[in-house]
Amino acid sequence: MNGYLICMIIGLVIPIFSLVADFLDGCVDLISVDLDFLDVDIGDVQLSLLPLSINSICAGLLVFGGIGYLLQTGSVMALVWINVIAIASGYLAAVIVQTMIRQLKKVEHPAYKEKELLLSDAKVINRIPSDGLGAVSIELPGSSSVSYPARSYNNEMIPQDTPVEVVEITDGIVVARPKDWLLHKYDATQEQEKDS
């Protein structure tokens, strides 16, 4: 087996396993890094020049391996050009996938403005790591809901399925804190007043 075929297999197998089994959840949080200063704004699209998510890396490996495998010949000079073409194509595929992921995470419910969602009840649908992004689902009046990327208010990890409230929304990212946070703060204040 050659390197192109191995890259192609890795680019296919990891996303398939992540769909079938949830064992890559920690890896996705670990690898997914947002480096906003390396983004280029083109109208409403934010192009990610350094795609560092598991999905974009797998897409890049798949395209790199596929193109390299298809163009593979025996000469050394041709191998250099094949690698250049495969690397450029893999990078382009990774950038496109990362940009699409970012755009999909910014999808808003057209009937509600972000200000109307403040202090709304929500539920964590993808664990929010202490220093990264997860996702929350905000219940709207009626039977609909809207999902947003989210980070923690106190930079503390919030597990999946935790009820939270929306504290603020900046650049399409929800800042959330657990619902029982206010209850704990109230109980602590009551105890302090009692001790005084």
Side-chain angles (χ1 to χ4, degrees), residues 1-110 124-137 145-151 157 159-161 170-174:
M1 248 200 265
N2 64 23
Y4 297 123
L5 190 57
I6 291 171
C7 287
M8 206 165 60
I9 290 170
I10 290 171
L12 278 173
V13 169
I14 290 176
I16 290 171
F17 276 139
S18 69
L19 285 175
V20 174
D22 199 23
F23 75 94
L24 288 175
D25 189 35
C27 290
V28 172
D29 290 338
L30 183 66
I31 293 174
S32 183
V33 176
D34 282 331
L35 299 173
D36 293 334
F37 63 91
L38 291 173
D39 293 347
V40 175
D41 290 330
I42 301 173
D44 289 339
V45 178
Q46 199 173 27
L47 191 65
S48 301
L49 296 180
L50 188 60
L52 290 177
S53 72
I54 192 77
N55 295 323
S56 61
I57 291 170
C58 286
L61 282 173
L62 179 64
V63 171
F64 166 78
I67 289 182
Y69 189 75
L70 290 174
L71 297 178
Q72 190 173 341
T73 61
S75 77
V76 175
M77 191 56 154
L79 185 60
V80 171
W81 284 109
I82 290 170
N83 282 332
V84 168
I85 292 169
I87 288 170
S89 300
Y91 173 74
L92 183 63
V95 166
I96 290 170
V97 168
Q98 183 70 23
T99 302
M100 287 176 20
I101 290 170
R102 282 255 179 100
Q103 286 301 112
L104 288 173
K105 285 184 176 182
K106 288 184 177 181
V107 172
E108 297 179 29
H109 196 281
V124 176
I125 53 176
N126 288 337
R127 179 179 66 93
I128 302 174
S130 59
D131 58 350
L133 293 177
V136 295
S137 175
S145 64
V146 63
S147 297
Y148 276 86
R151 66 178 174 84
M157 194 273 295
Q160 187 171 345
D161 296 328
T170 39
D171 297 329
I173 297 175
V174 166

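Below, all heavy atoms of this structure are taken into account, side chains as well, without hydrogens, waters or symmetry copies.
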| message | List the residues meeting side-chain contact (heavy atoms from CB on, under 4.5 Å) with S130, not counting sequence neighbours, and say none if there are none. | response | none
Locate the shortest heavy-atom distance separating [X] from [Y]; write the atom from each residue and the value.
X: G134; Y: P129; value: N-CD, 4.2 Å
X: Q98; Y: P51; value: CB-CB, 3.6 Å
X: L71; Y: I82; value: O-CD1, 2.7 Å
X: I10; Y: P15; value: O-CD, 4.2 Å

List, one per line, each side-chain donor-acceptor pair under 3.5 Å for residues 59-68, sequence neighbours excluded.
none

| task | Output all residues satisfying side chain to side chain donor-acceptor pair (under 3.5 Å) with Y4, sequence neighbours left out; order by chain, then residue number. | result | N83
Identify all side-chain donor-acceptor contacts of residues 85-95 below 3.5 Å with residues at least two apart in sequence or on another chain.
| from | atom 1 | to | atom 2 | distance (Å) |
| --- | --- | --- | --- | --- |
| S89 | OG | I85 | O | 2.8 |
| Y91 | OH | L49 | O | 2.5 |

| query | Do Q160 side-chain atoms and N126 backbone N/O form a donor-acceptor pair below 3.5 Å? | reply | no
| note | The residue among L79, N2, L5 that forms side chain to side chain contact (heavy atoms under 4.5 Å, CB included) with Q72 is N2
| field | From CG (D131) to CD1 (I128), nearest 0.5 Å | value | 12.5 Å
